[in-house]
Amino acid sequence: MLRIVASGCVNPSTKVVSFNLNVFGIDCRFGNDVTTMPLNIKPADQSRFTYKNLRDLNDNNKAYKSPLAVICHVDVNAFFAQYEQNRLNLSHDDPVVCLQWNSIIAVSYAARKYGINRMDTLESAKRKCPHLVVAHTAVFKRGDPTWKYVNYRPSPVNHKVSLDPYRRESRKMMRIFQSFCDLVEKASVDESFMDFGRLVFKRLMLLFPELVKGMERTSDRLPQVPLEGFSDLDWQGIVILCDEDEEEKEGPVISDWDDVVDLIGSNLAYELRQMLIKELNYTTSAGVGRVKTLAKLASGYNKPDLQTIVRSRAIPDFLKRFSIKDFWSLGGKIGDLVLSRLSSGTVEEDEDQIGYIRDHYSLKDLISRFDHDRELAQRVYDIVRGQLYAALSSRIDIKSMASNKNFRGPSVNCSKDLLPWLDVFVGDLVLRLQDLDEETDTVRRPTKFALGMTCGRVTKLKQCTMTPIKDYAEFTKRLKQLSVKLLGELESTRKGNADFSSVYPCIQASLTISGFISLEGFANIDELMKKQSTEGRSEGSKPVFHPRKRRNLGIATLLTQGKVKSAEGAADDYICSECRKRILKSNMDEHKDYHVALKLDQDLNSQNQKHQEYHGQSQLPF
DNA sequence: TACTCACAG
DNA sequence: GGCTGTGAGTA
C-alpha cells in the first residue's frame, strides 16, 4: 500500500488519500507543509526517439502520429449538475442533482456521497438526502420557441427539455481550451481532446535549448535526457507506475524523452484545469497519454477533480485494468463480438483480457477472426497496444442536427396538436445553429430538412431540400413553412387505402437539418438573394463548402505570452467603422454582410436576452 | 429518399 | 431506464 497525496483544484489542502494501486500522486503545491520529491531521472544510454519525432510535435498535422505525442482528455465532472450548482450560486459541497421529468440525469459528487446515482428516482434520492438540491433542466413550453428555467415542476406533456444551456456553457469551455491549445476536438458537450504538441515543444525548447541545435538532423537520435535543467518542474496529478518497487519509493522514472513530455503534459493539463476552475468554476478530470484512447481512459480513472498520467512505459500495466469494451465505439454489440471472437475463456487470462489479446493474436489472426474486417482488426490491434494514433478532428464536420420529442399518452392526435411542437423544434434548431455559427465563425445552413413521426411502432420520415437563407429570422420562417408542408405530406402518405390516421396518435416527432454548407461562397447578400429567388428543387450549383480556417490561437502560447503581434500585414487591414475591429481587406465584403445580418437579427437577439434571465436566480424551483 | 440500427452519454 | 442526440448502412 502506498500513501499518496491526491492533487485537486478545489480541495487540495491537506487531504491524504490511500490508494492500493501502483500510482504516484503529487501534491499540487497548494499546501506548504508538503515536501515534494526530487524527480527520478535515470537517463537511458540512448534515446529511442529522433529529432523528427520531436519536430513533428510542432506541426498540427503530424503531432498526433509522433511517438512523443501528448494528448490530453478533459472531462467535466457531472457536468449538468455542476452547471446547475453554479447557476444557483451553490458550492461544490452542496448536493445537487439535475432532473429531467422524474429521472435524475446528473448527480454532483457531493450528492454521490449520499449514495445517490443516476438510477434513482427523485423520491428515492430525496430519501437518501433530504436536503438535496433538485434542479430541473430548462424547458420549452409547447408553442414557445424559447427555452426557460421555470419555477415549477414541468410536465412532459406540455414541455420539451432544452439542453441549450449546457451547450452554451460547453462553448465557453471550448473557448478556454482554444485559448490554451491550438488543436482541440470537442468529443461531447462535456469532453474534449487536446493535442499538446506545440505547447510541449515550446516548453522543451525553453528548458533544453541544446535540443534546437540538432533539430535539422531529423533522423538522428535525440541526446540523452539530461540530469539537470528541469527547473522546478514536478509531476502533477496521479502517475500510473510500472510494476517496479523503485518507482513507488523514488517516483516515476524519467529515462527518455517520452517521460519528459509527459512530465510537461501533466503540468499543462493541470494549468488548464486551474483555468477552468478560475474562469467557470468547473472541476474536471483529465488524462494525459500518447494517444486519444489512453487519454480518455486515464481521465476517467481518477475522479473527481483529479488527473491521471499514463507514460508510455506504463501502458501495458494500465490497460490491464480495462476491458476491450471500455474503449470508445466498443461499448456495445461490436465490443461483444470482439470479445466472443477473442476471449480465452479462462479466468486468469480474463483478468488481463487486453494483454491476452495483445499476446495471442497477430494482426493476421485478428483479420481472419473478424471475418476480414481489416479496419476493425487494425483498430483492435492498435488499441490493445495503446498505439491507435488517431488524429483529432474538428467539429466542422457535423452531419446533422435534430430536435426531437417523445410524447406521453395520446396527446398528439391531429395537426393542431403537433403544430406548437414544430415551433419548439424550429426554435431549438435555429438557436443551436446560431450558436454553432458563432462558435465556428461560419455561416452554416442546411440544404436538407426532414420531419419524422412515429405512430405505434412505425416511424415515417419526409425529407425535402432547401436553399440556404442567411438571415436567422427569415430562416426560421422558412423552416416553419417547410415543416408544415412536410407535415401535410406525411399525413397524406397513405399505404394502400389508409388515410392520414396512420400518423396519429403520434408518440414521437422530430425535425432534422442536414447537408450543411457554408455561405462564405457568396460574395455578398445580393448574390445570396438572387440565389434564393431562383430556388429550385435540384441539388445543382451549390456554393462550395469552405472549412473554417482555424483561428491562429497558437499566439497565446508560452513563447508569445503577453506579447501582441500587430505589425504583420497591417497594409491589408482595415478598421470597421461599426465595430472598430481590424478586418482583412479580402474579408471586407463578408464583414459588411455580417453587420447587415446583425441588424436583421435583432429579433433573435432579444430572444437571447430572455435566456439570460435565469442568471442570478436565487430561489429554487422546488 | 426512407428506414433501421448502433452508440454515447 | 427514459431521453436526447449523432452517424452509418441499406435498398
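Letters go in sequence order (proteins before strands), and every chain restarts at 1.
F516(A) places its CZ atom 9 Å from the P atom of dG7(C), with the value rounded to the nearest Å. Separating the CG atom of D190(A) from the P atom of dG5(C) is a distance of 15 Å, rounded to the nearest angstrom. In this entry the distance linking CD1 of I398(A) with C1' of dT4(C) reads 15 Å, nearest Å. Between M453(A) atom CE and dT4(B) atom C1' the separation is 19 Å, expressed in whole Å. Rounded to whole Å, atom C1' of dT4(C) lies 17 Å from atom CH2 of W147(A). Spacing between atom CD1 of I105(A) and atom P of dT4(C) amounts to 10 Å, rounded to whole angstrom units. Residue Y166(A) contributes atom OH, which lies 12 Å from atom P of dG5(C) at whole-angstrom precision. The nearest whole Å value for the distance from the NZ atom in K186(A) to the P atom in dG9(B) is 14 Å.
The nearest heavy atom of DNA chain C to S103(A) and to S403(A) marks one nucleotide each, and the one closer to the 5' end goes with S103(A).
Proximity of R457(A) to the phosphate of dT4(B): no side-chain N or O atom is located under 4.0 Å from OP1 or OP2. Here K462(A) reaches the OP1 or OP2 of dA2(B): one of its side-chain N or O atoms lies under 4.0 Å away. OP1 or OP2 of dG9(B) has not a single side-chain nitrogen or oxygen of R118(A) nearer than 4.0 Å. Between dC3(C) and R408(A), a contact under 4.0 Å exists linking OP1 or OP2 to a side-chain N or O.
Shown here is K128(A), whose NZ atom has more than 12 heavy atoms of other residues, nucleotides or ligands within 6.0 Å.
For R341(A), the side chain to side chain donor-acceptor pair (under 3.5 Å) partners two or more places apart in sequence, or in a different chain, are D371(A). Not counting sequence neighbours, the partners of S155(A) by the side chain to side chain contact (heavy atoms under 4.5 Å, CB included) test are V157(A), N158(A). Residues forming a side chain to side chain contact (heavy atoms under 4.5 Å, CB included) with R379(A) (at least two apart in sequence, or on another chain): S329(A), L330(A), L376(A), I383(A), L388(A).
Between H73(A) and F193(A), the angle of the ring planes lies from 30° to 60°, which puts this pair in the tilted group.
Checked against dT6(C), dT4(B), dG5(C), the side chain of S400(A) finds its nearest nucleotide in dT6(C). Here the side chain of L461(A) is nearest to one of dC3(B), dA8(C), dT6(C), namely dC3(B). For M401(A), the listed nucleotide lying nearest its side chain is dT6(C); candidates were dT6(C), dG1(C), dT4(C). Considering only the side chain of M119(A), dG1(C) comes nearest among dT4(B), dG5(C), dG1(C). The listed nucleotides are dT6(C), dT1(B), dC3(C); the one nearest the side chain of W101(A) is dC3(C). Picking from dC3(B), dG5(C), dG9(B) the nucleotide with the shortest atom distance to the side chain of K460(A) gives dC3(B).
Applying the side chain to side chain donor-acceptor pair (under 3.5 Å) test to residues at least two apart or on different chains, the pairs with a partner in residues 505-514 of chain A are T454(A)-Q508(A). Listed by first then second residue, pairs satisfying ring-ring contact (aromatic ring centres under 6.0 Å, His included) with a partner in residues 434-460 of chain A number zero, not counting sequence neighbours.
The residue Q100(A) sits close to a base: some heavy atom pair falls under 4.0 Å. Note on K325(A): nothing from the nucleic acid sits closer than 4.0 angstrom, heavy atoms only.
Between D382(A) and R385(A), no side-chain nitrogen of the basic residue sits less than 4.0 Å from a carboxylate oxygen of the acidic one, so the salt-bridge criterion is not met.
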Sort me out a list of protein N/O and nucleotides 5-7 of chain B N/O pairs below 3.5 Å, or just none if empty.
unit_1	atom_1	unit_2	atom_2	d
dC7(B)	OP1	K333(A)	N	3.2
dC7(B)	OP1	I334(A)	N	2.8
dC7(B)	OP2	K333(A)	N	2.7

